[in-house]
Amino acid sequence: MSRARWVAIGREPSPRLRAVLTTCSFLLPLALWALVSYVPWIWHPLMRIDSPGDVAWFKPGLLVERPAFAEENAKAVAAGGHAATGRPANPVFLPAPHEVGRAFWTAFTTPPILRGEPWLHQSLALSIKTIFWGFVISSLVGVPLGIVCGAYGPVSRLFEPVIDFVRYMPAPAFGALAVAVLGIYDAPKIAIIVLGTFFQQVLVIANTVRRHDPALVEAAQTLGARPGQLLLRVIVPSCLVDIYNDQRILLGWAWTYLIVAEVVGVSSGITFFINQQAKYRNFDNVYAAIIIIGVIGLTTDQALAFLGRQIFVWKDPRPTGIRNFFQRLFAGRDVLLFPDNDQPPTGS
Amino acid sequence: MSAPVEDFLPDYRAQSPAVADRFRRLKERPVVLDVEHLGRQFAGNDGGIVTALRDVSFRVHRREFICVIGPSGCGKSTLIRLVAGLEQPTSGRILLDGHEVHGPGPDRGMVFQGYTLFPWLTVKRNVMFGLTMKGMSLSQADSEARQWIDLVGLSRFQDSYPAQLSGGMKQRTAIARALAAQPRILLMDEPFGALDAQTRCQMQMHLMEIWRNVDVTILFITHDLDEAVLLADRILVLKAHPGEVQELIEVSVPRPRHADQFTAPEFLATRRRIDELIHPRTESAVEKLPIVRLTQVGDDVE
Ligand SMILES: Nc1ncnc2c1ncn2[C@@H]1O[C@H](COP(=O)(O)OP(=O)(O)OP(=O)(O)O)[C@@H](O)[C@H]1O
Ligand SMILES: [Mg+2]
């Protein structure tokens, strides 16, 4: 492969190369992790005791630092006893890939240590519910407000300065307040996510809408669109794809607020699980939970991207089964936002 | 153009009886657009004032095809945007059927150089846009849109999205969309400027065909002399800095027009007249550009 192809600006690599690179981008960190975990002479600052020999305080399975291990063994040998045996090991906070892999399974199947504590899937469900409601509530107000701010200058001047000011206040700072007002259970957590998302959302969406093509608005005006019609018939549809993609990014931000939100009041959800497992020093479970969050985030985002490609037919008008479904779903209505085809598309 | 050829050309004002008769009848038709002492100034970069248009007056009669031509920056786009209501004049006024224009409206359809089709709508939906804005029911708008799409020859593509169309097809959609709203006057700002020569020629013929068959008056902006003479009944020639009317030329080329007339004497005479107006002799000598020689001695291309 020529070097020029790797550094060509703005050129997408071929689909095969893209698949390879995507795989690599996951495999490389994994390989690094495996290297550190499985190759005994890389890092491994500790020794795991197999047989304690004649060292009094060694027990099988105990982790000791290498210098201490060597020192105690030297002492034991000097005293005429047996040396302890052990294997190089990493600290508990770095479990090996296979342990974390196993934890993906066991974390779901192991009952909670204390009765009444939630299972992992219950914790996850609670977290997803918190994110969902936080994001929905924020979007219900934030998206329309952002659109209106982006479309109408005076509205923007009225709302955006104060929103710009508030967004610099970290959402977690409102934690105590949220608990005082909303109690200790789910409500304050949702509130934190709303606070963390909403202000950014208004500004981001307002900016997107402000970048609409004024020529389309002018064209619509010469076709008889009245000011009231312009917003819903021209500005919103022309920005719809960008707003949708903004929402995907904002949803990612909402996840980052989840962890702080969940320690507000009574700790709950996936954060509770992580903290609890860390307390029991089950770091494989901790990693598994963190990775699960990543997997959930990535799959939702990819699913939304896929859905977007199906909904916004005009971006890539090749008919597919799902696109036809969407076209039929919107067909026959007065199409506010979506294009329709009164007959099934001809596949021209 | 060399002197001997010019001598053979008739006066551009000379009209054959048929053409003269046509103009007489044309001027008997009611005035659709009346532009009175129109002026438009912009705030310049340096705090000064740029006069884009000054004291422009002309009248357009019903079903007339009028072209506006002038050097770059003479205010052609400003003029058409003022007529469309997308800008406000600083002085003078514009009357459409006797009523003063205050803002954009469906009675003045516009076709932009950049197509400006709605990318999220199919061709048919684009054409239906103006109709549904009027509150027409979907089914009625649908059948009406089909007629306009047929007129511009895009029936096969009515369910395509703009991204799937070529430039010429996009512009035909834009024309159908503007016409579907049934404007009194169709405003076109260099609509074929971005098309290749062959497509442009096809589109010119197509536009004339449409104009013959549809009750619409056309105000057409171009910087292409041939295009102006080929299409127009009358040509409004503007001059730059500030934009003012230089002359309103009646094109003496008989109708129906076709591409063979490019070498007709009336055509050449009119074309030469506009050429003189836009590129006056005194300035036409290309300024000697201060270009330093950057090639090796002996490596000459001419
Ligand atoms: N919005 C504006 N603000 C400031 N100056 C403007 C504005 N619009 C146009 N002008 C000025 O008015 C003059 C006429 O512009 P206009 O676009 O109407 O010219 P034009 O004849 O359409 O040129 P072209 O043939 O290049 O399209 C130019 O000098 C331009 O700088
Ligand atoms: Mg222009």
Side-chain angles (χ1 to χ4, degrees), chain A residues 211-244 308-319 323-324 326-328 330-348, chain B residues 80-81 83-87 103-139 141-143 155-165 174 177-183 185-187 189:
Chain A
R211 286 198 314 266
H212 71 261
D213 184 357
L216 292 182
V217 174
E218 290 185 342
Q221 284 178 312
T222 64
L223 290 166
R226 290 182 298 277
Q229 293 172 311
L230 287 176
L231 183 69
L232 284 181
R233 302 295 297 257
V234 183
I235 296 178
V236 170
S238 76
C239 303
L240 203 57
V241 178
D242 295 328
I243 292 176
Y244 185 84
R309 283 196 297 273
Q310 308 307 317
I311 298 177
F312 306 119
V313 193
W314 64 93
K315 283 273 160 183
D316 178 14
R318 282 169 304 182
R323 277 189 198 137
N324 293 353
F326 274 108
Q327 292 198 330
R328 241 169 277 146
F330 299 122
R333 314 203 174 162
D334 184 11
V335 195
L336 202 62
L337 305 175
F338 298 98
D340 82 339
N341 289 33
D342 295 346
Q343 320 84 40
T346 48
S348 58
Chain B
I80 208 161
R81 289 174 58 80
V83 175
L86 298 172
E87 304 237 8
D107 48 358
R108 284 148 291 137
M110 183 128 167
V111 175
F112 301 81
Q113 181 174 4
Y115 315 125
T116 63
L117 295 178
F118 304 119
W120 62 93
L121 298 176
T122 58
V123 166
K124 190 170 69 188
R125 280 275 162 190
N126 262 286
V127 177
M128 285 166 67
F129 187 90
L131 299 170
T132 53
M133 286 297 129
K134 280 197 295 196
M136 190 184 278
S137 77
L138 274 190
S139 54
D142 186 284
S143 64
S155 329
R156 274 181 50 227
F157 295 93
Q158 59 176 359
D159 294 320
S160 301
Y161 288 95
Q164 294 168 291
L165 303 179
R177 182 180 69 173
L179 287 174
Q182 307 230 302
I185 186 163
L186 182 63
L187 310 171
D189 188 358

Looking only at heavy atoms, what is the nearest atom pair of [X] and [Y], with distance?
X: Leu216(A); Y: Phe118(B); value: O-CE2, 3.6 Å
X: Arg226(A); Y: Met133(B); value: NH1-O, 3.9 Å
X: Phe129(B); Y: Leu223(A); value: CD2-CD1, 3.8 Å
X: Pro106(B); Y: Gly224(A); value: CD-CA, 3.6 Å

Item to check | Value rounded to 0.5 Å, distance of CD in Gln229(A) from OG1 in Thr132(B) | outcome: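 Taking CD in Gln229(A) and OG1 in Thr132(B), the distance rounds to 8.0 Å.
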
Next on the checklist: As an exercise, state the distance from CH2 of Trp314(A) to OG1 of Thr122(B), rounded to the nearest 0.5 Å.
Outcome noted: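 Going from the CH2 atom of Trp314(A) to the OG1 atom of Thr122(B) covers 12.0 Å.
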
Item to check | For Asp107(B), all residues meeting side chain to side chain donor-acceptor pair (under 3.5 Å), sequence neighbours excluded | outcome: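 Applying side chain to side chain donor-acceptor pair (under 3.5 Å) to Asp107(B) gives none.
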
Next on the checklist: Going by side chain to side chain donor-acceptor pair (under 3.5 Å), name the residues that satisfy it together with Glu218(A), two or more places apart in sequence or in a different chain.
Outcome noted: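 Scan of Glu218(A) (side chain to side chain donor-acceptor pair (under 3.5 Å), adjacent residues dropped) gives Arg81(B).
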
Item to check | Side chain / backbone / both / neither for Leu131(B) at chain A, heavy atoms under 4.5 Å | outcome: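 No part of it gets close to chain A.
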
Next on the checklist: So which residue, Gly130(B), Pro119(B), Gly114(B), ends up with the most heavy-atom pairs under 4.5 Å with chain A?
Outcome noted: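 Looking at each option in turn, the highest pair count goes to Pro119(B).
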
Item to check | Contact origin within Val234(A) toward chain B - heavy atom pairs under 4.5 Å | outcome: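 Val234(A) touches chain B through backbone and side-chain heavy atoms alike.
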
Checklist entry - Is it true that atom NZ of Lys134(B) has more than 12 heavy atoms of other residues, nucleotides or ligands lying nearer than 6.0 Å? => result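 Correct, the count exceeds 12.
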
Item to check | Option among Arg108(B), Arg177(B), Met110(B) that satisfies the side chain to side chain contact (heavy atoms under 4.5 Å, CB included) test with Thr222(A) | outcome: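 Of Arg108(B), Arg177(B), Met110(B), side chain to side chain contact (heavy atoms under 4.5 Å, CB included) with Thr222(A) is met by Met110(B) alone.
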
